[in-house]
Enquirer: 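Before I ask anything, here is the structure I am working with.
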Amino acid sequence: MNSSVSRYNALHCVRTTHPLVHNITNYVVMNWTANCLLAVGASPLMSHALEEQEAMTQICHALVINIGTLDAPWAASMKAAMCSAYKNDKPIIFDPVGAGASAFRTQTCMSLLRSTSPTVIRGNASEILALAGHSYTSRGVDSNEDSAAAIEAAKKLAQEFQCVVCVSGHIDYIVSAKHIACVHNGHEMMTRVTGMGCAATALIGAFVALQPDSVFEAVQSAMVVTGVAGELALHHSHGPGTFQIHYLDALHNLTEKSLTRMQRITYESF
């Protein structure tokens with residue numbers, strides 16, 4: 001499923017099927033993440049109470065774990081949700097926000113990943129390098145490295161956890177067991193609005209929910225949609241504030257013609 005037409009078909013399927021995406025995500029981006037999911041046609045579900053994780057994972061179509069505002073009780077809910085999602089055969093999308101910034105954050109990530117392997121890991125270069133065990137100190141949620149610097153680390157994680165790894169940045173690298181897709185869409189303005197990466201993780205959840213047997217292709221579709229919407233929003237924006245508004249509109253109004261004309265993706269094998 002590599003053509004722009006099939007990517008639009010994937011988007012159309014999200015818009016018409018409205019997959020329910022269960023998010024345990026951080027305080028900073030909850031509202032933004034929910035609005036991005038709604039704009040693309042999916043349905044958001046935000047729940048972090050330990051007591052209801054089993055019930056929520058039974059009714060959702062995908063689970064998104066985002067450790068942004070991490071604490072011990074939330075970590076327990078994340079573990080319970082991941083185990084329940086695995087038991088109920090629901091895809092798990094893992095966002096290791098700020099991995100490498102503290103020992104607690106990195107160790108919690110590794111504990112969660114080893115309890116139940118995710119379907120997809122999406123992070124910036126610094127986060128992916130930290131998960132792969134590189135001696136690395138992050139300065140928080142921002143990456144100090146170009147996404148290309150984390151390709152080998154992404155390969156290692158993809159093999160270790162038998163999942164697809166997405167390293168987002170100037171170029172988004174999507175790494176499977178044998179192939180790499182390179183998405184060249186997007187714009188630097190996207191780094192000036194908080195939660196764009198978190199929203200991309202949630203959108204991956206919506207696409208993977210409907211393509212559980214084609215995860216590599218589903219992640220490509222989500223990242224192309226994310227990047228193209230960013231480029232379209234830029235044309236109408238005067239800065240980060242108006243960009244955020246126009247980004248939601250671009251997600252909502254994205255057409256097959258725009259995806260066909262604007263998508264820029266290349267492939268590598270290893």
Enquirer: State whether the number of non-hydrogen atoms from other residues, nucleotides or ligands found under 6.0 Å of D89 atom CG is greater than 12.
Expert: no
Enquirer: Hey, any chance L45 and L210 share a hydrophobic cluster, counting ILVMFWY side chains that come within less than 4.5 Å of each other, even indirectly?
Expert: no
Enquirer: Under a 3.5 Å distance rule, please check whether T57 uses its side chain to pair with a backbone N or O of Q53 as donor and acceptor.
Expert: yes
Enquirer: How close do C198 and N26 get, heavy atom to heavy atom, and via which atoms?
Expert: SG-ND2, 3.9 Å
Enquirer: Checking K155 now: which residues fulfil side chain to side chain contact (heavy atoms under 4.5 Å, CB included) with it, not counting sequence neighbours?
Expert: I151, E152, V175, I180, F270
Enquirer: So, taking the atom named CD1 in I245 and the one named CG in N35, what distance separates them when rounded to the nearest 0.5 Å?
Expert: 11.5 Å
Enquirer: So P118 and V120, do their side chains get closer than 4.5 Å, heavy atoms only?
Expert: no
Enquirer: How many angstroms lie between atom CE of M196 and atom OG1 of T191, to the nearest 0.5 angstrom?
Expert: 9.5 Å
Enquirer: Excluding sequence neighbours, so at least two apart, what forms side chain to side chain contact (heavy atoms under 4.5 Å, CB included) with H170?
Expert: D146
Enquirer: Under a single-linkage definition using a 4.5 Å side-chain heavy-atom cutoff for Ile, Leu, Val, Met, Phe, Trp and Tyr, are M189 and V183 assigned to the same hydrophobic cluster?
Expert: yes
Enquirer: Can you name the closest pair of heavy atoms from A149 and L129 and give their distance?
Expert: O-CD2, 3.9 Å
Enquirer: How long is the gap from CG on L254 to CZ on R15, to the nearest 0.5 Å?
Expert: 6.0 Å
Enquirer: Kindly say whether G68 contributes a backbone atom to a donor-acceptor pair with the side chain of N66 at under 3.5 angstrom?
Expert: yes
Enquirer: Would you tell me whether Y267 and Q220 have side-chain atoms, one donor and one acceptor, within less than 3.5 Å of each other?
Expert: yes
Enquirer: With T16, which residues qualify under side chain to side chain contact (heavy atoms under 4.5 Å, CB included), at least two apart?
Expert: H12
Enquirer: Please work out whether the ring planes of W32 and Y247 are parallel, tilted or perpendicular, with thresholds of 30° and 60°.
Expert: tilted
Enquirer: With a 4.5 Å cut-off on side-chain heavy atoms, are S117 and Q162 touching?
Expert: no
Enquirer: Among residues at least two apart in sequence or on other chains, which ones pass ring-ring contact (aromatic ring centres under 6.0 Å, His included) with H236?
Expert: H246
Enquirer: E160: which residues meet the side chain to side chain contact (heavy atoms under 4.5 Å, CB included) condition with it, sequence neighbours left out?
Expert: R114, K156, L157
Enquirer: Tell me the closest heavy-atom pair linking S258 and V228, and the distance in Å.
Expert: O-CG1, 4.4 Å
Enquirer: Would you mind reporting whether L113 and L131 have side-chain heavy atoms less than 4.5 Å apart?
Expert: yes
Enquirer: For a 4.5 angstrom cut-off between non-hydrogen side-chain atoms, does T17 reach H61?
Expert: no
Enquirer: Start with the C-alpha gap between F243 and M190, add the side-chain angles, then the distance that decides, and say whether side chain to side chain contact (heavy atoms under 4.5 Å, CB included) holds.
Expert: CA-CA 8 Å; F243 177 85; M190 298 173 78; 3.6 Å; yes
Enquirer: If only atom types and distance count, is the side chain of R264 paired as donor or acceptor with the main-chain N or O of H184 below 3.5 Å?
Expert: yes
Enquirer: The test is side chain to side chain contact (heavy atoms under 4.5 Å, CB included); show your working for M223 and C166 and say whether it passes.
Expert: CA-CA 9 Å; M223 296 310 293; C166 177; 3.9 Å; yes
Enquirer: Walk me through whether Y8 and V225 qualify under side chain to side chain contact (heavy atoms under 4.5 Å, CB included).
Expert: CA-CA 9 Å; Y8 180 74; V225 165; over 6 Å; no
Enquirer: Supply the atom-to-atom distance Q211 CD to N9 CG, rounded to the nearest 0.5 angstrom.
Expert: 9.5 Å
Enquirer: Hey, quick one: are V40 and V29 part of the same hydrophobic cluster, counting side-chain heavy atoms closer than 4.5 Å, chains of contacts allowed?
Expert: no
Enquirer: When rounded to the nearest 0.5 angstrom, what is the spacing between NZ in K79 and CD1 in I65?
Expert: 13.0 Å
Enquirer: Please check if the side chain of T260 supplies one atom and the backbone of E256 the other of a donor-acceptor pair under 3.5 Å.
Expert: yes
Enquirer: Start with the C-alpha distance between N23 and T33, add both sets of side-chain angles, then the distance that settles side chain to side chain contact (heavy atoms under 4.5 Å, CB included), and finish with yes or no.
Expert: CA-CA 9 Å; N23 299 266; T33 299; 3.9 Å; yes
Enquirer: Where is the tightest heavy-atom contact between G205 and V21, given as atom of each residue plus distance?
Expert: C-CG2, 4.2 Å
Enquirer: How long is the straight-line distance from CE of M110 back to OG of S115, given to the nearest 0.5 Å?
Expert: 10.5 Å
Enquirer: Given 3.5 Å as the limit, does a donor-acceptor pair link the side chain of H18 with the main chain of G41, or not?
Expert: yes
Enquirer: Please check: side-chain N/O of S147 versus main-chain N/O of V167, any donor-acceptor pairing under 3.5 Å?
Expert: no
Enquirer: Can a donor-acceptor pair be found, under 3.5 Å and without considering hydrogens, that links the side chain of T116 to the backbone of Y86?
Expert: no
Enquirer: Using a 3.5 Å cut-off and no angle test, enumerate the donor-acceptor pairs between side-chain atoms of residues 92-103 and protein atoms at least two apart in sequence or in another chain.
Expert:
unit_1	atom_1	unit_2	atom_2	d
D95	OD2	R122	NH2	3.0
D95	OD2	T201	OG1	2.6
S102	OG	R105	N	3.1

Enquirer: Would you say the side-chain atoms of K90 pair up with the backbone N or O of Q58, donor to acceptor, closer than 3.5 Å?
Expert: yes
Enquirer: Is P91 close to L63 at the side-chain level, that is, under 4.5 Å between some pair of heavy atoms?
Expert: no
Enquirer: Are any side-chain N or O atoms of S111 and backbone N or O atoms of Q107, one a donor and one an acceptor, separated by less than 3.5 Å?
Expert: no
Enquirer: What are the two closest heavy atoms between I171 and C182, and how far apart are they?
Expert: CG2-CB, 3.9 Å
Enquirer: Test of understanding: clusters of I, L, V, M, F, W, Y form through side-chain heavy atoms closer than 4.5 Å, transitively. Do L251 and L38 belong to the same one?
Expert: no
Enquirer: Could you check whether any side-chain N or O of R7 sits under 3.5 Å from a backbone N or O of E217, counting only pairs where one atom can act as donor and the other as acceptor?
Expert: no
Enquirer: Does L11 belong to the same Ile/Leu/Val/Met/Phe/Trp/Tyr cluster as L20, with side-chain heavy atoms less than 4.5 Å apart forming each link?
Expert: no
